[in-house]
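Below is one structure, written out as structure tokens; the observations come after it.
We name chains A, B, ... by the order of the sequence lines, and we start the count at 1 in each one.
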Amino acid sequence: MRLSRYFLPVLKENPAEAQIVSHRYMLRAGMIKQQAAGIYSWLPLGYRVLKRIEQIVHEEQVRAGHIPLLMPTLQPADLWRESGRYDDYGQEMLRIKDRHERDMLYGPTNEEMITDIFRSHVGSYKDLPMTLYHIQWKFRDEVRPRFGVMRGREFLMKDGYNFDVDRESALHAYNRHMVSYLRTYERMGLTAIPMRAASGPIGGDNTHEFLVLASTGESEVFYDDRVTALKLGARDIDYDNWDQVAKVCEEFTTLYARTDETHDEAVFNGVPEEHRKVGRGIEVGQIFYFGTKYSEAMGATVVTKDGSKVPVEMGSHGIGVSRLLGAIIEASHDDKGIIWPEGVTPFHVGIVNLKQGDAEADAACEALYKSVAALGLEALYDDRDERAGGKFATMDLIGLPWRITVGPRGLKNGVVELTSRRTGESVELPPEQAIERIAQIYAGI
RNA sequence: CGGGGCGUAGCGCAGCCUGGUAGCGCGACGGUUUUGGGUACCGUAGGUCGUAGGUUCGAAUCCUAUCGCCCCGACCA
């Protein structure tokens, strides 16, 4: 993308309404525009990152054997009357009447609807296990939306629902989700710690939240700091292997890690003092096993091998997709702007032409731009007729992890400059080698 | 939902107390200058002062109502 033809409305000054760093940078980098309290338009740069995150979530869900579908944002109230939640959910649920005075609602989550789909079409243990998920906009009419996309009223969420014939199989689904989530967050450059949580309105007794450590987090967290060193890495996971998956879960949930909701001071004091940490975290996902709460209420049953009819065992599992943008920025920024992890960056590399209009510099930039495209990667080429300082400031603000700087001085010696946004380190290289480095960097992402 | 604050040009703000023809910085546009980390100067455009009503000869300014937004707390992906 040539910046001169892109829509990137960056702001030089901090908008007054933004209090935390991720909100400020998202506004300043021209990623979002607020339309109402907790409701945002996604401008081109923000939309790119949102799509990248969404794509990673999809890939890891499919890898775990889960099946994508798409349910509507608007739902009939009757489904929620069946589960009893139409009355329980309270003011957070946006209730709407259509022209025929029918009660509708903008979905805050989809347990009822997915259960309805399931009961309409599935009746046998032979069809199980099955996990269905979608990535769809949700609306929860928060009393006080804040922190930009971190606590919006409208937000994009991946929510998945597993259906299993018995408790053991459903617990495997729970574990499978935990492992797939670990991989999902790692691909985004995040350390998200599964912490034992309280169940809230979804119900159920087995639940973990995934927390990204950040000083601006809304939850207080208590943990053994050795959990932050755990990495799933590139290990090969067979998601159908119950033992392997369970072992990974054990590895990641044995050390103490809890939110203030489930914190137990006595147990916490058993953690060696040098590892005992109290901090704050941003919740970026949660998994639940709730058994037959919805299937019983809504009559979702399957026939088992021995011919008996049982309510299907379920769980639900969510990832806050739009919130993740905020969480990633909170975890990865400096005083100049955002620092995108390679996995979610809106463009893989920025090209800065220090002297637009200089025939040699222009030609070198064009060649680099084409070379990046030939790698199957995307460059943002700052071809504006701006001063070097302004171009650097923009690149730093929007946070592309790698920048190639091209100017007449370097070209005289046959080199361009490759700079890491994260470390600030630069190396001078011939253009071909800079492209090779970019190719290597993104080879494993 | 309790407490506090703010709505004036695209963004950041001053002016309000003490009523008298709406201002500054950044940005945008045109030019000169400059060119490896937001250069300097000249010029231009842009505002029903959130909205409605009231007081007044006269309201951004005073009064009333209303809408919106932000912050702190209680609640939540």
Would you tabulate the nitrogen or oxygen pairs shorter than 3.5 Å linking the protein to nucleotides 23-28 of chain B?
unit_1, atom_1, unit_2, atom_2, d
B:rG25, N2, A:Glu13, OE1, 2.7
B:rG25, N2, A:Glu13, OE2, 3.4
B:rG27, OP1, A:Lys12, NZ, 3.4

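Within residues 170-195 of chain A, no residue has any heavy atom under 4.0 Å from RNA chain B. Residues from residues 390-413 of chain A lying near RNA chain B, meaning a heavy-atom separation below 4.0 Å, are A:Gly390, A:Phe392, A:Ala393, A:Asp396, A:Arg403, A:Thr405, A:Gly407, A:Pro408, A:Arg409, A:Gly410 in numerical order.
To the nearest whole angstrom, the two P atoms, one in B:rG4 and one in B:rA9, are 27 Å apart. The separation of B:rG20 from B:rC62, taken at their C1' atoms, amounts to 14 Å, rounded to a whole angstrom. Across the C1' atoms, B:rG15 and B:rA60 are found 8 Å apart, a figure rounded to whole Å.
Under the ring-ring contact (aromatic ring centres under 6.0 Å, His included) criterion, A:Trp80 pairs with A:Tyr89, not counting sequence neighbours. A:Arg280 is linked by a side chain to side chain donor-acceptor pair (under 3.5 Å) to nothing, counting only residues two or more places apart in sequence or in another chain.
With A:Tyr86 as the aromatic partner, A:Arg95 meets the cation-pi criteria of under 6.0 angstrom to the ring centre and within 45 degrees of the ring axis.
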Do any side-chain atoms of residues 8-15 of chain A form donor-acceptor pairs under 3.5 angstrom with protein atoms, and if so which ones, sequence neighbours left out?
none

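Between A:Glu220 atom CD and B:rG73 atom P there is a gap of 13 Å when expressed in whole angstrom units.
Using a cut-off of 4.0 Å between Lys/Arg side-chain N and Asp/Glu carboxylate O, A:Glu186 and A:Lys231 are scored as not salt-bridged.
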